[in-house]
Amino acid sequence: MSITIRRYPVSMTELGMYLEWRKNPQGTAYNLPFLFPLPEGTDLDRLKSALQQVFLAHRNILARFQMEVGGSVTRLVLEGDDDEIPVHIQESRCEPDLGKLIQPFSDLDGELYRLHIISGTEKAYLFMDIHHILFDGASTPVFMRDLNRAYAGETLKSEDVTAGDYAGLEQKARNTEAFAAAKAWYDGLLSDVEISSAPIHDKEEGKEANTWLTIPLDIDAKQLSSYTHTLGIKTSTFFSGVYGYLLSRFSGTKETLYASIHSGRTGEIAETIGMFVQTFPVLERFDGKESIAEHLSKFLKASAR
C-alpha cells in the first residue's frame, strides 16, 4: 500500500494546546471521551464501516503532530490507497468501565483517537475517545450527523476546507495589515491595565486562604430572554457582563480583565471537524454610577469591536 503524507501548519489554538499537552502527555485533560449506548438491533459491522467513512471524510481526525528540529510544529495527515481505520469490536459481559477505557494519548507522534464497539450480553456501546486538538464542541453534531448518514447508506462528501487548510489561511492572515491593526488595537486597549481581577484572598493569621462560595440561582429563561431582547444584547453578552461586574465587586476595582472564548468558526468551516475555539481578553470598566442595563449596553458596543 502506498502512503502519502500531507503536511499542514497548525493554528495558534492548536499550537497552544499541543505545547500544554507536551508538558504532561500522561494526563487525560485533553481527552474527549464519548460512550454511546447503541439501539437494539444495531448492525455492528455496518457501524464499523460507517465509522470508517466518517473518518475518511473528515481526515483531520487522522492527523498527527510533529515538533520539528527548529521548534515549529507540523500537522501530518496520512493518506493511503487502502485506508483502514482501526475500530476494535470486543465482547464483554460487564458494563463498560470508563476508568479503564480512558487512557492518556501519551505517544506525542501517534494516533490521537480510539474507537471501540463493545458488545455486551444485554447492550452494545460505541466508545470514542478523541484528543481535543482534533475535535471541539461544534464538531460533535457534524460527526454524529455524518455517522447516521453513513450508517443509512449515504455517501459522505469530503470537507471543502480542512482544519489544516484553515490553519494555513490563518498563517497568511497573520501577515496582513488587518491583523496588525487588530493587534495594535488590543495593545492600546490593554497597555495601561495593571490590575488583577482575581477576587482578593481572605487572610488568616498572615496566610492567604482561598474561600469558595457557591450561590445557586434560579433564572426564568423566558424572562431572561425578554430582558436581553429589550436591551438588544445576546444572552452570552448578559452573562459575560454580569460576570465582569461581579469580579469588580469582589476584587474592589473599577476594571476587570478576564479571558472569554468564541467558537472561532466561519461559514466555510461550519461542516469541518477540528479544534477552532479561540480565547480573547475582555476588559470591562465601571464608573460606579451606571445601572446594570446601561453597563450591559456599553459592554455590547465595546464587544462589537
Side-chain angles (χ1 to χ4, degrees), residues 1-22 25 30-32 48-88 105-115 128-147 149-150 154-176 179 263-278:
M1 179 182 73
S2 62
I3 296 178
T4 301
I5 300 177
R6 301 193 182 279
R7 306 172 74 87
Y8 298 88
V10 298
S11 68
M12 291 294 100
T13 297
E14 293 168 330
L15 177 61
M17 185 172 291
Y18 177 82
L19 295 177
E20 286 298 316
W21 170 44
R22 281 187 67 94
Y30 291 119
N31 288 54
L32 294 180
K48 178 179 179 180
S49 176
L51 286 165
Q52 301 266 354
Q53 293 181 58
V54 174
F55 271 60
L56 294 179
H58 301 279
R59 282 188 173 270
N60 185 65
I61 313 178
L62 305 174
R64 304 181 184 192
F65 294 83
Q66 176 178 292
M67 180 168 281
E68 309 294 351
V69 175
S72 63
V73 178
T74 303
R75 178 200 325 264
L76 307 177
V77 180
L78 281 62
E79 297 182 9
D81 52 17
D82 186 24
D83 289 304
E84 181 73 17
I85 311 304
V87 182
H88 305 284
F105 291 106
S106 55
D107 184 356
L108 295 174
D109 300 317
E111 294 171 347
L112 298 176
Y113 65 89
R114 298 187 185 97
L115 294 169
M128 179 175 74
D129 196 2
I130 299 181
H131 198 293
H132 199 5
I133 200 172
L134 302 176
F135 206 89
D136 60 14
S139 298
T140 306
V142 176
F143 185 95
M144 297 307 299
R145 180 205 62 197
D146 281 359
L147 181 59
R149 286 178 176 176
E154 295 183 34
T155 300
L156 301 182
K157 179 179 176 293
S158 296
E159 295 173 347
D160 293 326
V161 180
T162 69
D165 295 330
Y166 202 71
L169 295 174
E170 179 192 278
Q171 191 177 69
K172 292 179 181 178
R174 292 177 65 83
N175 296 316
T176 63
F179 178 85
S263 68
R265 288 179 177 260
T266 58
E268 59 189 333
I269 53 172
E271 305 296 312
T272 299
I273 289 179
M275 173 57 185
F276 300 103
V277 177
Q278 297 181 357

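Predicted model, so just to flag it, every value in this text is computed and none were measured. Counting from 1, the numbers follow the sequence of the chain as shown.
Side-chain contact check for Leu51 versus Val54: every heavy-atom pair is 4.5 Å or farther apart. Using a 4.5 Å heavy-atom cutoff, the side chains of Val142 and Thr272 are not in contact. With a 4.5 Å cut-off on side-chain heavy atoms, Leu62 and Leu78 do not count as touching. Between Val77 and Ile5 the shortest side-chain heavy-atom distance does not fall below 4.5 Å. Using a 4.5 Å heavy-atom threshold, the side chains of Leu112 and Arg64 count as separate. Taking 4.5 Å as the limit, some side-chain heavy atom of Arg7 sits within range of a side-chain heavy atom of Gln66. Side-chain contact between Tyr8 and Thr74: absent, with no pair of heavy atoms (C-beta onward) separated by less than 4.5 Å.
Side-chain atoms of Glu20 do not come within 3.5 Å of backbone N or O of Met17 as any donor-acceptor pair. With hydrogens and angles disregarded, a donor-acceptor distance shorter than 3.5 Å links the side chain of Asp136 to the backbone of Phe276. Remark: side-chain polar atoms of Arg75 are paired, donor with acceptor, to backbone N or O of Pro9 under 3.5 angstrom. Side chain of Glu170 to backbone of Met12: a donor-acceptor contact under 3.5 angstrom is found. At least one donor-acceptor pair closer than 3.5 Å links the side chain of Thr13 to the backbone N or O of Val277.
Separation of the Trp21 and His131 ring centroids falls under the 6.0 Å cut-off. No close placement of the Phe105 and Tyr30 rings is indicated, their centers lying 6.0 Å or farther apart. Between Phe135 and Tyr113, the ring center distance fails the sub-6.0 Å criterion.
Minimum heavy-atom separation, Ala163 to Ile273: CB-O, 4.2 Å. Closest of all the heavy-atom pairs between Ile269 and Gly264 is CD1-O, 3.9 Å. Counting all heavy atoms, side chain and backbone alike, Asn60 lies closest to Gly164 at OD1-N, 4.4 Å.
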Decide yes or no on side chain to side chain contact (heavy atoms under 4.5 Å, CB included) for Val10 and Tyr18, but give the supporting numbers first. CA-CA 10 Å; Val10 298; Tyr18 177 82; over 6 Å; no

Could you walk me through whether Ser139 and Arg265 pass the side-chain hydrogen bond (donor to acceptor under 3.5 Å, both in side chains) check? CA-CA 11 Å; Ser139 298; Arg265 288 179 177 260; 3.1 Å; yes

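Side chains of His58 and Asp146: a donor on one and an acceptor on the other come within 3.5 Å.
Salt-bridge annotation for Lys157 and Glu271: absent, with no side-chain N of the basic residue lying under 4.0 Å from a carboxylate O of the acidic one.
Geometric assessment of Arg22 against the ring of Phe65 yields a negative cation-pi assignment under the 6.0 Å and 45° thresholds.
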